[in-house]
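Working notes, structure below.
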Amino acid sequence: MILTQIDIAGLRNLRSVSFSPAPGFNLIVGPNGSGKSSILEAIHCLSAGHSFRTRKVKELITRGEDAYTLACQMLDRTTGQEHRSGLRRHRDGSTELRLDYQEIRSIASVTQLLPVKALTPDSHSLIQDGPAGRRQFIDWGTFHVEHGFLDRWRTYRRTLSQRNQNLKDQAPDSEVGAWDESLIASGTALDKYRRSYIELLSTSVNALLEEMQTVFHVELSYRSGWSDGSSLEDALARNLPNCRKFRTTTVGPHRAELAISADGVLAKQILSRGQQKLLVYALHIGQLIVLNQTTQRPAIILCDDLPSELDEEQNGKILAQIAQLNSQVFLTSTMPQTLENTAFEMFAVAGGELRKGV
C-alpha cells in the first residue's frame, strides 16, 4: 500500500497541508521547527491513531484549534484497489474514524491496510529502556504477520482487566479463577505467536548485520512472562498468593520480555551507543523484511532525520537496504541532498507550509 494523497489540518504548526507524495522516496527538507517531523507524525497517526512522539492528543492539536483532521488516499499497487481514510481527534478526547466513507470504531482495520514503521532519533531506546517498548516492538510485527493475533490480544487484555479488578477488590478465589480459562487460552496463543515471530525476525536481523559487516552477533531471546518450562495455567495457580499481595496478575504475556544480546551479553551493556543505533535500525528493517516475505505487503517507512544518526558509510548502507524493500519512504533532513542511486521527490517545509521542490 502507498499513499497517493495526504491532507493535514490543525496538527502542530501545520494548519493546512495537502500533497501527493511519490511512490518511492520522498525527501522533506526544511530548518528545525519548520514542521518536517510533524508531517511524519501525521502519517503515523493515519495508520496507528497516535504519533510516534506522543499519545497525548492535546500536544498535537494546533494552538487555538479544537481538533486535528487528517485524510488520505491509498493505493494497493498489487491489485490497483484504492482506499480512503480519515481521522479527526478532538481536545476532549473524542475521535472520528472513517474508512472508505464508512464510520469505523477501531483504527486496527486501517493499521492492517496501512502498516507504518517509524525510524526516529530516539530509536536506540528500544535497547536502553524497559521491556514495555520491546513488547510493543514484538507486537507490531506479530500483528501484521499473524492473522489471529489481534483477536487473541484483545481477549487477553479484556480478561486480564477483569481478573485484576477482582484482585483489587479482594474477591474470593472462585471469582478470580473464573477468568483463568480465557486468560490461559488467549495468553498461550499470544505466546506461541510471539515465539514464532521472533524466530523469523532473528534470522532476518543477523543476515542484515552480516551484510553491514558488524563485528558482533545478535541473539534475540523471548521470555514468556512466567517461568520457563511451566504452563501459564501452572504459573497462575502457583503465583496466586503473590497476585493477591500486589492486587494484580504478576505473570503472563503482559510481563513478557525480549532480551537483545550481543555475543552472549545484553546489548545495552556491551555495545557502544553508535553500535546500539545500528542494531536498532537492523531490528526495524528486519521487521520490514519479515513483513514483505510473509505478506508481500511493504510498509510505509518514516525516517526522521536519519543522516544525523549514523556516519556517512552506515547511513549509505541503511538507505540501500531500505531501497531494496520497495517501500514508500518519507525522509526528513535540514538541508537538500542527493540520495545516491535512488530516485526521489523533494518537498520543502517552511512556516508550516509545504511546497514541491526546494
> Quick one: side chain to side chain donor-acceptor pair (under 3.5 Å) partners of Gln287, sequence neighbours excluded?
Replying inline: Lys117, Tyr197
>> Surrounding CG of Asp263 (heavy atoms of other residues, nucleotides or ligands, distance under 6.0 Å), is the total greater than 12?
In response: yes
> Have Arg152 and Ser186 got a donor and an acceptor in their side chains that come within less than 3.5 Å?
Replying inline: no
> Please walk me through it: do Ser261 and Val218 pass side-chain contact (heavy atoms from CB on, under 4.5 Å)?
Replying inline: CA-CA 6 Å; Ser261 302; Val218 169; over 6 Å; no
> Taking only residues two or more places apart in sequence or in another chain, which ones pass salt bridge (charged side-chain N to carboxylate O under 4.0 Å, His left out) with Arg195?
Replying inline: Asp191
> Between the side chain of His217 and the main-chain N/O of Asn206, is any donor-acceptor distance below 3.5 Å?
Replying inline: no
> For Gln5, does the CD atom sit with more than 12 other heavy atoms under 6.0 Å from it, leaving out its own atoms?
Replying inline: yes
> Taking the six-membered ring for Trp, is the centroid-to-centroid distance between His284 and Phe137 below 6.0 Å?
Replying inline: yes
> With hydrophobic residues grouped by side-chain heavy-atom distances under 4.5 Å, do Ile104 and Ile107 end up in a single group?
Replying inline: yes
> Hey, what's the ring geometry for His254 with Tyr156, parallel, tilted or perpendicular (30° and 60° as the breaks)?
Replying inline: tilted
> Given the rule in the side-chain contact (heavy atoms from CB on, under 4.5 Å) test, do Trp226 and Asn239 qualify, once you have shown the distances and angles that lead to the verdict?
Replying inline: CA-CA 10 Å; Trp226 66 90; Asn239 283 273; over 6 Å; no
>> Do Thr159 and Arg154 pair up side chain to side chain, a donor and an acceptor below 3.5 Å, judged on atom types alone?
In response: no
>> Take a 6.0 Å sphere around CD of Glu59 and say whether it holds more than 12 heavy atoms from other residues, nucleotides or ligands.
In response: yes
